[in-house]
Each structure stands twice: as structure tokens, then as C-alpha cells.
Amino acid sequence: MKYQSLRGTHDILPEETPAWQYIEKKIHEKFGSCGFCEIRTPAIEQTELFMRSIGDQTDIVSKEMYSFQDKGGRNIALRPEATASVVRAAIEHNLIAKDKISKLYYIGPMFRYERPQAGRFRQFYQAGIELFGTSSALADAEVVLAGIILFNSLGLRSLEVEINSVGCKKCRPAYEEELKKYLAANSSKLCADCNERKEKNILRVLDCKNESCKKVIFKAPSLEAMLCEECKSHFEEFSGSLSSFGVTVSVNDKLVRGLDYYTKTTFEIISKELGAQNAVCGGGRYDDLIEELGGPATPAVGMAIGLERLLFVMASQKLLPEPGKELDIYIAAIGHDAQKKALQQVFELRKSGISAETDLSGKSLKSQLKTADGLGARYVLIIGEDEMKKGSFSLRNMKTAQQKEIRMEELYREIEPTC
RNA sequence: GUGGUCGUAGCUCAAUUUGGUUAGAGCAUCAGGUUGUGGCCCUGAAGGCUGCCGGUUCGAGUCCGGUCGACCACCCCA
């Protein structure tokens with residue numbers, strides 16, 4: 001095979017597109033009913049946008065971004081996620097105004113140069129929401145709830161919601177300083193990865209799986225204890241409100257996200273069916289990002305869903321709709337004149353919204369009936385030489401195998417009742 | 001970026017004890033089973049440079065190296 005799709009990228013084939021259309025439709029419906037409006041941004045942006053927002057020290061930006069110079073010498077990157085783009089667009093078009101709440105959602109492909117794995121691809125689809133303009137912890141809950149509404153409407157079971165707080169710019173620097181000091185004192189017991197994380201993304205050390213590191217972390221200063229009053233009460237209200245709405249949540253104090261812009265709330269919705277990459281949905285609050293990117297200081301919260309992962313969980317829970325084969329009528333034609341007549345008739349039927357198909361390759365009647373059967377045709381209209389002469393045609397009901405002679409004008413009336 | 005497992009028709013899989021002649025089957029596809037009638041059944045056809053490149057050997061789908069890709073884990077994250 002000379003050409004194949006690039007590593008970590010996949011063709012979505014005709015047999016799979018109905019499932020994609022199904023979840024996309026639900027996303028539009030449910031996010032819409034939650035008051036979010038769709039926004040579509042370009043797949044490419046200035047590289048700097050992502051360096052500023054996600055953080056140029058993060059793996060996503062430093063190692064995993066598809067970036068290049070265009071012919072005009074501009075530094076361009078394929079978006080690795082959409083929040084930065086949505087914020088940029090919202091600022092650019094004045095969608096963010098003082099004391100105004102904006103609720104946006106998006107759906108589209110994202111790109112990260114990673115080693116492919118279960119639930120991880122180089123081009124993958126995300127659907128997400130962003131809520132700008134309120135610092136209320138209830139807004140964090142609303143965002144989680146929007147995800148839950150979507151998942152429920154798809155029939156998903158046994159998903160778990162994990163939440164945490166990573167503090168804000170008032171309390172986190174002090175904590176990071178504290179943690180850094182502690183880790184520096186114990187650096188000999190930390191793995192190579194952690195010694196690097198210590199410098200680049202120190203909170204991630206808390207989530208290391210290495211046994212030796214775990215021991216060190218066990219005695220490390222706790223982030224929770226260091227949260228300022230504001231963060232603490234924000235987290236309590238967020239957590240409490242979800243519980244009171246009947247959402248079971250568990251606090252995971254290791255839930256530290258790899259994007260720099262998160263403040264206070266972080267959360268994930270995970271599924272055990274997924275393997276190592278188990279988050280179907282992840283998000284959190286980012287109160288400083290909009291200002292950071294040049295907009296008015298505006299608090300915000302958002303989340304993103306990995307669509308391939310969502311589809312995978314749905315498939316394993318047998319929630320994907322059967323690709324329904326249905327065709328109102330198939331016209332079997334014998335002879336060139338008949339084919340022409342058939343095509344004309346199919347054209348008329350299609351114009352009036354009836355699904356119709358014919359075969360112009362001159363196959364035998366038997367073969368055409370087989371094709372019709374394979375397409376799930378309810379009726380087959382047979383146009384042969386006899387019919388062309390007589391001006392009346394055989395209409396076969398494929399379910400009952402009954403056949404009758406009709407004239408073309410009667411066709412609609414005959415097939416209408418079951419439409 | 002690191003490590004492990006694996007690449008045989010469109011799909012799912014075969015191919016005997018460190019290798020041995022024209023690489024098989026099921027499903028799917030197409031065509032037939034008498035003149036113009038589907039599903040079931042029967043018959044037949046087509047479909048593979050065994051991922052690619054190189055090496056060992058009289059001989060490689062099978063062994064070795066490389067490469068590309070898939071899967072899984074680390075890392076990271078949706």
C-alpha cells in the first residue's frame with residue numbers, strides 16, 4: 001500500500017459516520033438546551049496564543065504541538081485544544097462584556113503530536129463548552145451538569161466525577177514554593193521525571209506513580225490545607241452543590257491538570273472502560289486567562305469531551321444506534337430506454353423527498369432485486385420493455401412479495417401510506 | 001521521546017517438530033442454478049509481491065536487522 005493515513009490519524013468510514021452524526025446531534029441539542037451557542041474557530045492559530053494560554057513549559061506546547069512557519073514567515077500552530085481559540089475569538093469580537101455572561105460551545109478536531117495509544121490520537125475530536133463572566137462556584141457546577149446531561153441523554157452508565165481545587169494566584173504560588181522546598185530536600189528519592197516536573201509543572205509531582213515518589217509525596221505539604229479562604233469556600237460550594245443535585249463526586253487531590261491556565265476548580269469525568277487514558281471529559285476554571293490574553297479581566301470555566309473516547313465507551317456499553325438501512329423504493333430497469341426512464345423517475349421521487357435508488361450498470365433483474373434487498377428497499381418498481389410498451393409497471397412490495405401492475409401516476413399513492 | 005506485543009485476501013483467522021513445492025478457510029463481493037423476480041440453499045469466480053527494505057539459507061509467511069504502521073504501558077491528556 002503506497003499511501004496510508006498518517007500515524008495517529010483515522011478515517012471515519014461510512015459505517016461509522018452514523019454514530020458520529022448521532023452524538024454530534026445530541027451535543028447540539030443538549031448544549032443548546034443548556035443555553036450554550038456554537039462557535040467555530042479556525043484549526044490554526046498563532047503559535048504564541050497557545051504558548052501564552054496553555055503555557056510554553058507544558059508538554060502540550062513544548063513537545064506535542066504541530067507548529068510551522070507559513071509562507072509569510074508567520075509562526076502557526078494547529079490547535080491542540082480549543083479554549084485558547086474560543087477565548088481569543090470572544091475577545092476579538094467583543095463577545096465578552098462586563099457583567100455579561102457568555103456561554104459558548106464548540107466541536108471539532110484538535111491536533112497533538114503524541115505517541116498513539118488507547119484513547120489517544122494525533123488528530124482527535126473534542127466538543128466543549130466555555131462559560132465566561134461569573135466567578136460563582138455554581139457556574140462550575142453548571143458546566144459539569146451540562147456534561148452530565150449530555151452523557152445521560154446518550155444512556156451512559158457508571159461514569160465517575162472527580163473534582164479538585166488547584167488554588168488561585170493568591171494561594172498557589174505560596175504552596176508551590178513550599179512544595180518546592182520540600183521536594184528539593186528529598187530530591188534524591190524522586191524519580192528522574194519528578195525532578196524535572198519539580199521545575200516545570202510542580203503540581204504534577206503529586207500524581208507520580210513511582211513507589212519511591214509516592215512515599216515522599218505522602219508526607220508532602222497538602223495543597224488543600226494551603227488554599228486561601230476564597231478558594232476553600234469556592235470548592236466547598238462547588239462540591240456541595242453537585243452533591244445536592246444528586247451527582248456523586250469524589251475528591252481527587254491528585255487531579256492536577258497539565259494546562260497552566262487552570263485556577264480553583266478542576267474536574268474530570270472518567271470511565272473504567274477506557275484504559276490508561278480514562279478521562280472522557282475534563283475541565284476547570286480559568287479566571288486569569290481572558291485578561292492574560294488581552295481581554296477584560298473576566299472569570300471563566302469550561303470543559304472538553306474527547307469524542308473518540310466517548311464513542312468507545314458508548315460502543316462498549318452497546319449504546320450506538322444500529323446503522324438503519326432504509327430505502328423507500330428501488331427502480332429496477334432492463335434496457336437502456338428503461339434505465340433512462342428509471343433515472344428520470346428516481347429524480348422525481350427524490351425531489352419530493354422519497355428516497356429512491358436505481359442501477360444504471362445494466363445488471364440482470366435478479367441481481368437488481370438482490371441489490372434492492374441489500375439496500376433495504378420497501379418497494380421495487382420494475383421497468384422493462386413490456387412495461388415501457390404498455391405504460392404500466394410492476395410494483396413489488398419487498399416485505400410481502402406481492403406485486404401489482406400500476407401506472408406511473410399511481411406510484412405516489414401506492415407507496416405513500418407507509419411513508 | 002522510552003519500553004513491550006504484533007503486521008498473512010475488504011473483514012476475522014489458518015499454514016504441521018528453529019524454515020520445505022502452486023499461502024488456505026469463513027464472512028463479504030461478483031456471476032450462475034434455463035427465457036424478466038430478492039432473502040435460504042447449491043455451484044463457481046475474483047481477490048494476497050505474507051506492510052516495506054535488506055540479510056542468513058539450497059530454500060523464508062516462518063529466523064535476524066532496519067523501517068513504516070497498529071495495539072498496550074510510561075509520559076501526557078480529551
Side-chain angles (χ1 to χ4, degrees), chain A residues 1-10 13 15 54 58-65 80-83 107-128 147 191-194 196-197 200-201 204 207-210 255-259 262 266-271 274-284 302-313 330 332-335 338 361 363-388 393-403:
Chain A
M1 217 176 307
K2 201 167 174 190
Y3 298 111
Q4 53 190 305
S5 70
L6 255 20
R7 178 164 217 196
T9 68
H10 296 285
L13 300 174
E15 58 180 17
I54 300 167
T58 61
D59 281 10
I60 294 182
V61 169
S62 65
K63 307 200 315 212
E64 301 171 358
M65 205 152 65
E81 59 114 36
T83 299
I107 172 166
M110 309 297 158
F111 307 86
R112 291 182 200 173
Y113 188 82
E114 296 185 272
R115 190 93 173 248
Q117 197 188 320
R120 194 170 76 179
F121 315 100
R122 289 187 171 178
Q123 175 173 342
F124 60 100
Y125 289 78
Q126 281 189 338
C191 67
D193 280 338
C194 279
E196 201 172 310
R197 286 185 188 116
K200 282 169 54 180
N201 189 350
R204 289 220 61 89
D207 200 17
C208 187
K209 290 169 185 98
N210 184 294
L255 182 55
V256 171
R257 323 228 75 237
L259 292 76
Y262 285 113
T266 58
F267 65 87
E268 280 185 358
I269 299 180
I270 63 176
S271 165
L274 277 174
Q277 315 298 319
N278 65 356
V280 193
C281 168
M303 63 92 157
I305 295 169
L307 264 29
E308 286 84 357
R309 294 183 189 178
L310 176 61
L311 246 355
F312 181 87
V313 176
Y330 182 95
I334 302 146
S361 67
K363 292 202 287 193
S364 69
L365 179 60
K366 177 177 179 155
S367 160
Q368 292 189 61
L369 275 157
K370 274 191 185 173
T371 305
D373 190 51
L375 293 170
R378 294 192 294 113
Y379 290 96
V380 170
L381 184 74
I382 298 166
I383 304 181
E385 279 161 31
D386 301 351
E387 284 87 349
M388 290 291 279
F393 306 88
S394 308
L395 181 68
R396 182 177 180 83
N397 181 320
M398 293 296 276
K399 205 153 196 177
T400 62
Q402 280 176 351
Q403 201 160 314

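Residue numbers begin at 1 in each chain, while the letters A, B, ... track the order of the sequences.
Contact annotation for A:Phe121: base contact, defined as any heavy-atom pair under 4.0 Å involving a base atom. In this structure, A:Ala118 reaches the sugar-phosphate backbone alone: every heavy-atom distance under 4.0 Å involves primed, P, OP1 or OP2 atoms, never a base. The residue A:Gly275 sits close only to the backbone: its heavy atoms come under 4.0 Å of sugar-phosphate atoms, none of a base. Across all strands, A:Arg120 comes closer than 4.0 Å to base atoms (heavy-atom distances). Within 4.0 Å (heavy atoms only), A:Gly376 reaches no atom of the nucleic acid at all. Among the heavy atoms of the strands, none lies under 4.0 Å from A:Lys200. Within the nucleic acid shown, A:Leu307 has no heavy atom closer than 4.0 Å to any nucleic acid atom. Backbone-only engagement by A:Val280 is indicated by non-hydrogen atom pairs under 4.0 Å involving sugar-phosphate atoms exclusively.
Here B:rA28 presents its C1' atom at 15 Å from CG of A:Leu13, a figure rounded to the nearest Å. Computed from coordinates, the A:Asn278 CG to B:rC75 P distance equals 13 Å when rounded to whole Å. Between the CD atom of A:Gln117 and the P atom of B:rA78 there is a distance of 14 Å, rounded to whole Å. Whole-Å rounding puts the A:His10 NE2 to B:rG69 C1' distance at 11 Å. With rounding to whole Å, A:Ile60 atom CD1 is found 5 Å from B:rC77 atom P. In this entry the distance linking NZ of A:Lys63 with P of B:rC75 reads 11 Å, nearest Å. Rounded to whole Å, the distance from CZ on A:Phe267 to C1' on B:rA78 is 12 Å. In this structure, A:Glu15 atom CD and B:rC27 atom P are separated by 19 Å, rounded to whole Å.
Checking A:Tyr262 against A:Ser367, the closest nucleotide of RNA chain B that is more toward the 5' end is the one next to A:Ser367. Residues A:Cys281 and A:Thr9 each lie close to RNA chain B; by heavy-atom proximity, the contact nearer the 5' end of the strand is made by A:Thr9.
No cation-pi contact links A:Arg112 to A:Phe124, judged by a cut-off of 6.0 Å to the six-membered ring centre and 45° from its axis.
A:Arg309 contributes a side-chain N or O that forms a donor-acceptor pair with the base of B:rC77 under 3.5 Å. Donor-acceptor pairing under 3.5 Å, judged by distance alone, is absent between the side chain of A:Gln277 and the base of B:rC72. With hydrogens and angles left out, the side chain of A:Arg204 and the base of B:rC77 share no donor-acceptor pair within 3.5 Å. Donor-acceptor pairing under 3.5 Å, judged by distance alone, is absent between the side chain of A:Arg112 and the base of B:rC77.
Atom name P, nucleotides B:rC75 and B:rU2: the rounded distance is 16 Å, in whole Å. Between B:rU22 and B:rU35, the distance separating the two P atoms is 43 Å to the nearest Å. Taking the P atoms as reference points, B:rC52 lies 25 Å from B:rG3, given to the whole Å. Of the C1' atoms belonging to B:rC13 and B:rU18, the separation is 24 Å, rounded to the nearest Å. To the nearest whole angstrom, the two C1' atoms, one in B:rG59 and one in B:rG55, are 15 Å apart. Remark: the separation of the P atoms in B:rA70 and B:rG51 is 16 Å, to the nearest Å. B:rG47 and B:rG65 have their P atoms separated by 35 Å, with the value rounded to a whole Å.
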Completion exercise
Protein-proximity profile, nucleotides 35-47 of chain B, B/S/- by nucleotide at the 4.0 Å heavy-atom cutoff, equals -BBBB--------

Is there any protein nitrogen or oxygen under 3.5 Å from a nitrogen or oxygen in nucleotides 3-13 of chain B, and what are the pairs?
residue: B:rG3; atom: O6; partner: A:Arg115; partner atom: NH2; Å: 3.4

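For the pair A:Glu387 and A:Ile382, the minimum side-chain heavy-atom distance is below 4.5 Å. You'll find the side chain of A:Gln126 stays beyond 4.5 Å of the side chain of A:Ile305, heavy atoms only.
A salt bridge links A:Asp59 to A:Lys200: at least one charged side-chain nitrogen sits closer than 4.0 Å to a carboxylate oxygen. Ionic pairing of A:Asp373 and A:Lys370 is not present here: no N-O contact between side-chain nitrogen and carboxylate oxygen is shorter than 4.0 angstrom.
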Completion exercise
Given Watson-Crick and G-U pairs under 3.5 Å, RNA chain B in dot-bracket ([ ] crossing, | other strand) is (((((((..((((......[...)))).(((((.......))))).....(((((..]....))))))))))))....

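Residue A:Gln126 places no side-chain N or O under 4.0 Å from the OP1 or OP2 atom of B:rA78.
The side chain of A:Pro116 approaches B:rA70 more closely than any other nucleotide in the set B:rC72, B:rG32, B:rA70.
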